[in-house]
**Q** 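Below you will find the structure I want to go over with you.
For this chain, numbers begin at 1 and follow the sequence in order.
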Amino acid sequence: MVISGQPGMGKTTIARMLALDFLSFDCHEGFHWVSSLDEIEYEWEESEQKQVFILDDYWGSVFHRERSRKDNYILEELIDKFRITDGKCLIITTREYIVQQELFFES
């Protein structure tokens with residue numbers, strides 16, 4: 001899930017609320033605030049425990065073309081892994097203009 005919007009609109013707060021709702025009250029240990037894709041791979045539990053990972057402002061002010069192709073490939077692979085795994089959720093927050101640049105750059 002990607003939450004995008006203008007600075008200060010509450011993207012981080014929305015991400016936190018969605019994460020807590022996904023986990024429910026009894027499994028907060030599955031909440032992971034991460035800053036890199038490596039952290040996701042490190043914290044990933046091969047169990048049925050619910051887990052949610054938040055990459056807050058992952059792309060930041062760095063644009064797509066400044067990231068390595070390897071980073072993009074790893075992110076794509078992780079997204080596919082989340083899609084096929086029950087009980088795991090990835091939330092990425094970013095600013096809207098970065099999403100627009102990503103879409104424009106890819107086309």
**Q** So, Glu39 versus His32: side-chain donor-acceptor pair below 3.5 Å or not?
**A**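 Their side chains do not contain a donor-acceptor pair, so the 3.5 Å distance test is not met.
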
**Q** Hey, could you give me the CD/CG distance between Glu77 and Leu37, rounded to the nearest 0.5 Å?
**A**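 If I round to the nearest 0.5 Å, the distance is 11.5 Å.
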
**Q** To the nearest 0.5 Å, tell me how far Asp86 CG sits from Lys50 NZ.
**A**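 Spacing of CG (Asp86) from NZ (Lys50) equals 10.5 Å.
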
**Q** Grab the two heavy atoms, one from Thr93 and one from Ala15, that are nearest each other, plus how far apart they are.
**A**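 The answer is CG2-CB, 3.8 Å.
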
**Q** Which atoms form the tightest heavy-atom contact between Gln51 and Glu45, and what is the distance?
**A**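 Smallest interatomic distance, heavy atoms only, reads OE1-N, 2.9 Å.
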
**Q** Look up atom CG in Asp57 and atom OG in Ser4, then write down how far apart they are to the nearest 0.5 Å.
**A**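 It is 11.5 Å, given to the nearest 0.5 Å.
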
**Q** Taking Phe53 as the fixed residue, which of Phe22, Tyr42, Phe82, Phe31 is the one that meets the ring pair (Phe, Tyr, Trp, His ring centres under 6.0 Å) rule?
**A**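 By the ring pair (Phe, Tyr, Trp, His ring centres under 6.0 Å) criterion, Phe53 pairs with just one of Phe22, Tyr42, Phe82, Phe31: Phe82.
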
**Q** Taking atom CG of Leu55 and atom CG of Leu75, what is their separation to the nearest 0.5 Å?
**A**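 That separation rounds to 7.5 Å.
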
**Q** To the nearest 0.5 angstrom, please state how far the CD1 atom of Ile91 sits from the CD1 atom of Ile14.
**A**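 Here the rounded value is 10.5 Å.
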
**Q** What closest approach, in Å, do Gln6 and Met9 show between heavy atoms, and which atom pair accounts for it?
**A**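 Scanning both residues, the minimum pair turns out to be O-CG, 2.9 Å.
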
**Q** Is the CE atom of Met17 crowded by more than 12 outside heavy atoms at less than 6.0 Å?
**A**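 Check fails, neighbour count at 12 or below.
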
**Q** Could you grab the distance from atom CD1 of Ile3 to atom CZ of Arg95, nearest 0.5 Å is fine?
**A**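 These two atoms lie 14.5 Å from each other.
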
